Amino acid sequence: MPAKIIDGKQISQSVRQELKQQVEVLKASGIVPGLAVVIVGNNQASRVYVNNKKKACEQVGIHSEEYALPEETTQQELLELVETLNGKEDIHGILVQLPLPKQIDEEAVIAAILPEKDVDAFHAQNVGHIMIGDYRFLPCTPAGIMELLAYEGIDVSGKECVVIGRSNIVGKPMAMLLLHKNGTVTVCHSRTRDLGEVTRRADILVVAIGKAKFVTADMVKPGAVVIDVGMDRDENNKLCGDVDFDSVKEVAGYLTPVPGGVGPMTITMLLKNTIEAAK
Ligand code: NAP
């Protein structure tokens, strides 16, 4: 039987309805959640992400402000903007869209954001909170994946969970959240030997590599839950994931599509974090 396709778009719409109600309650008490989105330079993908984030804010009633800076912005200029936003009372969340131009040190910029306004949860203080399981915000992509699993009634406890990718924004926090839910977690990366042998053990396989259609059916255990984080381009420049959707859907039990899987949930979690910050 082909996999059940997890409809991230529909699930995220239903979560956004709940968030909209929370925003209305906050507004009634005089608080309008506010998000500042900072974009530096001319990266086209970043522009699309920022536009989607702004649209999503509008949908649930969050006030959003965009700060678009030119490609040649210096680190000092960006740090000054972050400092200003840190002090702005009507802004509860600050998001600096990555990647930044090469003259800017991303770590320094992330470190400059007030942890209580760090709605991406990239600041070392928030990362530490996630590590010990006592957190204010969760990073949006892994948090969105946990919501998708919960929505589908997929219990993580005791399951073999394999995460491919160890980035600070996806792979590592993903592994931690699965561990908090009592999964038995293995993290793979470019030095992992015999990747297929590891991935075939997975009851839950999360793929965040950044390589189009990299995971094929022979790497997947029959009936496994496969979560595709990738946002890649195929040979026809069409958006696709890290998982070879057509072959894997014949083997997996559940599968997220690209687009329409993890992506919409990531943005929804950004809205959720902004509302939490406002609270
Ligand atoms: P990243 O920082 O480039 O990390 C990629 C990871 O994949 C690294 O840990 C790398 O290993 C590993 N890797 C690369 N080639 C591999 C191979 N052949 N075998 C095993 N592991 C391999 O990427 P990222 O920021 O985590 O993003 C991953 C993908 O998710 C991208 O397509 C990105 O666009 C997408 N993304 C989507 C969303 C969303 O909302 N849908 C959000 C964030 C990211 P090493 O560490 O050894 O180099």
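Reckoned from all heavy atoms, side chains included, excluding hydrogens, waters and symmetry mates. No experiment lies behind these values; they were computed from the predicted model shown. In this chain, residues are counted from 1 in sequence order. Both counts, for ligands and for their atoms, begin at 1 and track the order of listing.
Taking only nitrogen or oxygen atoms, main chain and side chain alike, R191 does not reach within less than 3.5 Å of ligand 1. Geometrically, ligand 1 and G171 share no nitrogen or oxygen pair separated by less than 3.5 Å. For ligand 1, none of its N or O atoms has an N or O atom of Y49 under 3.5 Å away.
Around NZ of K279, the count of heavy atoms belonging to other residues, nucleotides or ligands within 6.0 Å exceeds 12. Within a 6.0 Å sphere centred on NZ of K55, heavy atoms belonging to other residues, nucleotides or ligands number 12 at most.
Near T266, the atoms of ligand 1 lying under 4.0 angstrom from a non-hydrogen atom of the residue are 39 (C), 40 (O). For ligand 1, the atoms closer than 4.0 angstrom to any heavy atom of V229 are 30 (O), 35 (C), 36 (N), 37 (C), 38 (C), 41 (N). For ligand 1, the atoms lying closer than 4.0 Å to a non-hydrogen atom of G165 are 6 (C), 7 (O), 9 (O). Applying the 4.0 Å criterion to heavy atoms of D232 picks out, from ligand 1, the atoms 32 (O).
In this structure, atom 11 (O) of ligand 1 is in close contact with the protein, since a protein heavy atom lies within 4.0 Å of it.
Side-chain contact between C240 and K213 is present, with at least one heavy-atom pair separated by less than 4.5 Å. By the 4.5 Å heavy-atom criterion applied to side chains, V262 and D228 are not counted as neighbours. Side-chain contact between I145 and M265: absent, with no pair of heavy atoms (C-beta onward) separated by less than 4.5 Å.
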